[in-house]
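Just so it is clear: chains get the letters A, B, ... in the order the sequence lines come, proteins before strands, and each one is counted from 1.
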Protein chains: 2
Amino acid sequence: MHEELRLENQLCFRLYAASRLMTQAYGPFLAKLGITYPQYLVMMVLWEQDAQPVNDLAKRLHLETNTVTPLLQRMEKQGLVIRKRGKEDGRQVIVSLTAKGRQMEETAADVPREVASRMVCSRLTPDTVPELFATLDELIRTLE
Amino acid sequence: MHEELRLENQLCFRLYAASRLMTQAYGPFLAKLGITYPQYLVMMVLWEQDAQPVNDLAKRLHLETNTVTPLLQRMEKQGLVIRKRGKEDGRQVIVSLTAKGRQMEETAADVPREVASRMVCSRLTPDTVPELFATLDELIRTLE
DNA sequence: TACCTTTGTATCGCAAACGATATAAATAAA
DNA sequence: TTTATTTATATCGTTTGCGATACAAAGGTA
């Protein structure tokens, strides 16, 4: 038996499981807004900074553009964003929020708190969370 | 601007990004074995305990059976596992390793070390990793 | 100008991942 | 025993996610 191959010894599996369960935890709240979890991430990026090229959105989310493009196409069909060719650089596609997309920010502002309330852990306190964030941030920087 | 909606303040996004980047880190090594990352997880479960019903595999991986079934069908097509109806309970499908699947464990034993070597972080030490594991484990227990 | 390379998006194909639903076997209830 | 319910898998449709590839715009270079 190879101890290093035990599921319980894997960081990768914990991240994989935690990530999917976290996505599921957001599901019911995002369903009320009519969006999915990756779409929610795109919206957060745009609420923070509107009118960005596809490339910048993808980089921010650590995704490939061939993942983001169809995602944005679906969001455009739903009337959340519009996509326009860049004026200076005709290769770029600038993604901007519609009025509907901007309005959604108000409703969405409650979501993080609602999810957090279902996620009370003894090990996730104002003391320990910054440490966890820093560790994950370093891991992400190292892997990308 | 809603501070709680900033991407940088989200645990969910860090887990999402870290999980995908981790999967990508395994990619090249698993490609040599001819399997994908979720398939690798299934193999780890079976190396630990062979001949399990689909349901147990799914529970162990925190996945739905409708995700695991097609995964196993692809693995069966590749000759890594075989699926047989249970004798006592005809509803169950028992998944077992083939000789090829068992042999793969030897080659795979190097994978965790190879990935770890590309993942050296100042915040991921023998001291801090148990703490991180415990936090993620509690989070997973809370969310499931 | 003509040609080559780089850059930014998009298209295609495949493997997850999951909700909704279907199906058959096992179990409980009548 | 017949009927109803639960349980274990499987099927279907949609959304992600990514590698490989295509393609057009932009930027060199000769």
salt_bridge(A:D56, A:K59) N-O dist < 4.0 Å: no
Rounded to the nearest Å, what distance is computed from the NZ atom of residue A:K87 to the P atom of nucleotide D:dA25? 18 Å
Gap between atoms CG and P, on B:L61 and C:dA16 respectively (whole Å): 12 Å
Would you give a per-nucleotide map of nucleotides 8-18 of chain D, 5' to 3', where B means the base has a protein non-hydrogen atom under 4.0 Å away, S means only the sugar-phosphate does, and - means neither? SBSB---SBBB
Closest non-hydrogen atoms of B:H62 and A:F13, given as atom of the first, atom of the second and distance, are CD2-CZ, 3.9 Å
What residues form a salt bridge (charged side-chain N to carboxylate O under 4.0 Å, His left out) with B:E76, not counting sequence neighbours? B:R83
Roughly how bent is the helix from C:dT1-D:dA30 to C:dA30-D:dT1 end to end, in steps of 10 degrees, with each end axis from five pairs? 0°
Closest heavy-atom pair, A:L97 versus A:D50, reported as atoms and distance to 0.1 Å, is N-OD1, 2.9 Å
Closest approach of A:R60 and A:V45, non-hydrogen atoms and distance? CG-CG2, 4.0 Å
Show me the protein contacts with nucleotides 1-4 of chain D, counting only N or O atoms at under 3.5 Å.
none

Of all heavy-atom pairs between A:E114 and A:S117, which one has the smallest distance, and what is that distance? O-OG, 2.7 Å
With sequence neighbours excluded, tell me which residues meet side chain to side chain donor-acceptor pair (under 3.5 Å) with B:Q103. none
Transitively linked via ILVMFWY side-chain contacts under 4.5 Å: A:V42 with A:L30? yes
List the atom pairs, donor and acceptor, that lie under 3.5 Å between side-chain atoms in residues 135-143 of chain A and the rest of the protein, sequence neighbours left out.
| residue | atom | partner | partner atom | Å |
| --- | --- | --- | --- | --- |
| A:T135 | OG1 | A:E131 | O | 2.9 |
| A:D137 | OD1 | B:R14 | NE | 2.8 |
| A:D137 | OD2 | B:R14 | NE | 3.4 |
| A:D137 | OD2 | B:R14 | NH2 | 3.1 |
| A:E138 | OE1 | B:S122 | OG | 3.4 |
| A:E138 | OE1 | B:R123 | N | 2.9 |
| A:E138 | OE2 | B:S122 | N | 2.7 |
| A:E138 | OE2 | B:S122 | OG | 2.9 |
| A:T142 | OG1 | A:E138 | O | 2.7 |

Geometric class of the B:W47/B:Y40 ring pair [parallel <30°, tilted 30-60°, perpendicular >60°]: perpendicular
